[in-house]
Amino acid sequence: MSENVRVRFAPSPTGSLHIGGARTALFNLLFARHNNGTFVLRIEDTDTERSTEESTQQIIRSLKWLGLDWDEGPEKGGDFGPYFQSQRLELYKKEVDRLLAEGKAYYCYCSPEELSERREAALKAGKPPKYDGRCRNLTPEQRKKFEDEGRPYTIRLKMPEEGQTAVEDLIRGTVVFDNSVLDDLIIVKSNGIPTYNFACVVDDNAMKMTHIIRAEEHLSNTPKQIQTYLALGYEIPKFAHVPMILAPDRSKLSKRHGATSVEEFRDQGYLAESIINYLTLLGWSPEGTEEIFDMDKAIREFTLERVNKTAAIYDVKKLTWINGHYMRELDLEYITEQTIPFMIKKGIITEEEARDNFDYIKKVVEISRDRAKTLDELADTISFFFKDVTEYEEKGVKKHFSKENAAKLLTLGAEALEKLEDFTHDKTEETFRNITADMGLKAAEIIHPTRLAITGRTVGPGLFDIIVLLGREKTVERMRKAAQWISNKSN
RNA sequence: GGCCCCGUGGUCAAGUGGUUAAGACAUCGCCCUUUCACGGCGGUAUCAGGGGUUCGAAUCCCCUCGGGGUCACCA
């Protein structure tokens, strides 16, 4: 089956790409690449009310940012385009006409109001809210009457009333549905535009899809789609319904759960590589026990057989851990480039300064990135290299500035650094250690207050790495200023 | 409510009749150390419940319970 595998990701542009959608796209891509197949992106914009150009752009942007590149689709073209359903209306019409001519579909003149009334009535009576099929066998006279009244109509597909429809699912096995639960589904809305279930089937066939990999929420729709394939005389593709991703409270993902869209994660400082790695392991697992999995490795190992059936709750903590890993392991220049936009956004540096001082920023990132979990956090923790220290962390003041010799040590340290010939990591460290050793103190006695003095914080990279990068002038100045600050405070 | 899917620690998750039930995140403790991270070592914690089948069940069957999905002129 590795020949000519064709799969697609088919989002509707009615919102941003959330992590569930991203995972579905990922699995499609992984499957396609693993089998040397083709990954198609198709935009399902048949809902003219809710579809927006903005959503389309956002989804495309997110997909690209994640590195989920498609072979055919918007911006790429391909032999089976166009890849927007709104541009394929003629095809659908042709297929609907065929169904109508063959007596497999019919006009329905029931209004949405009537339908929902009946649905509610049925629900109240404890019956399944199924379409009663009253327009299924309209006489020519009845039809003419409705037409003359100018009633809008939809087109419905006749579903078999007896028997069963089996979905052969690659992940779940055979799932059987009684045809009696199937409604005559609407395939064309009264505005003349086909519905999802229909357009999707027509396109998957026209675009020669071999496997339909999508979220589990579509499993219940699948028997209807299979009947549509049958009515149209199409070959039925293989189905694989991947488990859903749930919010921490086990409910379906939604806005109120905080960050769920790919762009929100991006804006919080997560790397695309981390999201891909995390999503790869959510619902799929490799044969080994590795947790760090880049896309290339995932492509090599991905199979549908190892996708599990259970819905997964996403856990930001693990994502954050993975992000921390990539923060320190990925190429330094790349991480630096990724960090700069966050620095600019926070007003730590300007775009121009970033350009002029790239190499310096890179050095700063080099000594700092080990401790940051996100790009956003990294930008915060390195701000003191570019901005003056305006306040000192309170618990640090209590711990390190309140000792009686703190101000004195800072002054001594500053004086020594001013006179130092080689302003290097080792020399500055030696200097500090000598000062404390002469006084019978531990080096920590000067290291901690100095860190607080020059960074404003109690945590951070190794002090002498900081000092060397910050430079003699700023280091000395900040140490003196802190010594002064302590004296003022104690008076 | 009908139908469908699912049920291994707090979370992800390996496991396909015989295992001391892996591993990871989180959490707790210790070590390393100029702080914080990283790293190393160790601990707590899981087969939803009940019946079967079997010499033997996390693995097979049934029931119950729980969670989710779906029943739109949304996708």
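Throughout, a chain's letter reflects where its sequence line sits, starting with A, and its residues are numbered from 1.
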Scan [X] against the nucleic acid and name what it touches under 4.0 Å (heavy atoms): base, sugar-phosphate only, or nothing.
X        : result
A:Val167 : nothing
A:Thr458 : base
A:Thr46  : sugar-phosphate
A:Ser190 : base
A:Arg42  : nothing
A:Pro461 : base
A:Ala443 : nothing
A:His218 : base
A:Leu463 : base
A:Phe464 : base
A:Glu217 : sugar-phosphate
A:Arg457 : nothing
A:Lys130 : nothing

Given [options], identify the nucleotide with an atom nearest to the side chain of [X].
X        : options             : answer
A:Thr289 : B:G23, B:A14, B:U70 : B:G23
A:Ile313 : B:U11, B:A13, B:U70 : B:U11
A:Trp321 : B:C4, B:A26, B:U34  : B:A26
A:Leu282 : B:G69, B:C3, B:C12  : B:C12
A:Val459 : B:C25, B:U34, B:C36 : B:C36
A:Thr195 : B:A75, B:A72, B:A13 : B:A75
A:Asp47  : B:U34, B:C74, B:C4  : B:C74
A:Asp315 : B:C12, B:G15, B:U11 : B:U11
A:Thr310 : B:U35, B:G68, B:G7  : B:G7
A:Arg119 : B:A14, B:A72, B:A26 : B:A72

Is there a side-chain polar atom (N or O) of [X] under 4.0 Å from OP1 or OP2 of [N]?
X        : N     : answer
A:Lys373 : B:C38 : yes
A:Lys189 : B:C74 : yes
A:Asn197 : B:A75 : no
A:Arg156 : B:A72 : no
A:Lys395 : B:U35 : no
A:Arg371 : B:C38 : no
A:Arg250 : B:G66 : no
A:Ser12  : B:C74 : no

Indicate, yes or no, whether a donor-acceptor pair under 3.5 Å links the base of [N] to the side chain of [X].
X        : N     : answer
A:Asn221 : B:A75 : yes
A:Arg50  : B:C74 : yes
A:Ser220 : B:C4  : no
A:Arg172 : B:C5  : no

Paired with [N] by Watson-Crick or G-U wobble geometry, both distances under 3.5 Å: which nucleotide is it?
N     : answer
B:A58 : none
B:C30 : B:G40
B:U20 : none
B:A14 : none
B:U46 : none
B:C71 : B:G1
B:G66 : B:C6

Determine the interatomic distance between [atom1] on [N] and the same-named atom on [M]; round to the nearest Å.
N     : M     : atom1 : answer
B:A58 : B:G49 : P     : 11 Å
B:C71 : B:U8  : C1'   : 32 Å
B:C38 : B:A26 : P     : 7 Å

(request) Indicate whether any N or O donor in one side chain lies under 3.5 Å from an N or O acceptor in the other, for A:Glu264 and A:Ser261. (result)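 There is such a pair between these side chains.
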(message) Rounded to the nearest 0.5 Å, what separates atom CG in A:Asn405 from atom CG in A:Leu412?
(response) 10.0 Å
(message) Rounded at 0.5 Å granularity, tell me how far CG in A:Leu68 sits from CD1 in A:Ile276.
(response) 4.0 Å
Rounded to whole Å, how long is the line connecting atom [atom1] of [X] with atom [atom2] of [N]?
X        : N     : atom1 : atom2 : answer
A:Asp178 : B:G2  : CG    : C1'   : 11 Å
A:Lys224 : B:G69 : NZ    : C1'   : 13 Å
A:Leu185 : B:C74 : CG    : C1'   : 13 Å
A:Asp183 : B:C3  : CG    : C1'   : 12 Å
A:Glu305 : B:G15 : CD    : P     : 12 Å

Ring-ring centroid check [X] [Y], cutoff 6.0 Å:
X        : Y        : value
A:Trp321 : A:Tyr278 : no
A:Tyr196 : A:His218 : yes
A:Trp284 : A:Phe302 : yes
A:Trp485 : A:Tyr392 : yes

(message) Walk me through whether A:Leu420 and A:Arg472 qualify under side chain to side chain contact (heavy atoms under 4.5 Å, CB included).
(response) CA-CA 9 Å; A:Leu420 228 198; A:Arg472 190 196 310 255; 3.9 Å; yes
(message) For a quick test of reading the model, state the closest non-hydrogen atom pair linking A:Leu89 to A:Pro194 and the distance between them.
(response) CD1-CD, 4.1 Å
(request) Considering non-hydrogen atoms only, spot the tightest contact between A:Leu279 and A:Phe27 and give its length. (result)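 It is O-CE1, 3.9 Å.
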(message) Assuming nearest nucleotide by heavy-atom distance, tell me which of A:Thr174 and A:Gly283 is located more 5' along RNA chain B.
(response) A:Thr174
(request) For A:Lys309 and for A:Ala372, locate the closest nucleotide of RNA chain B by heavy-atom distance; then report the residue assigned to the nucleotide nearer the 5' terminus. (result)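 Looking at the nearest nucleotide for each, A:Lys309 comes out on the 5' side.
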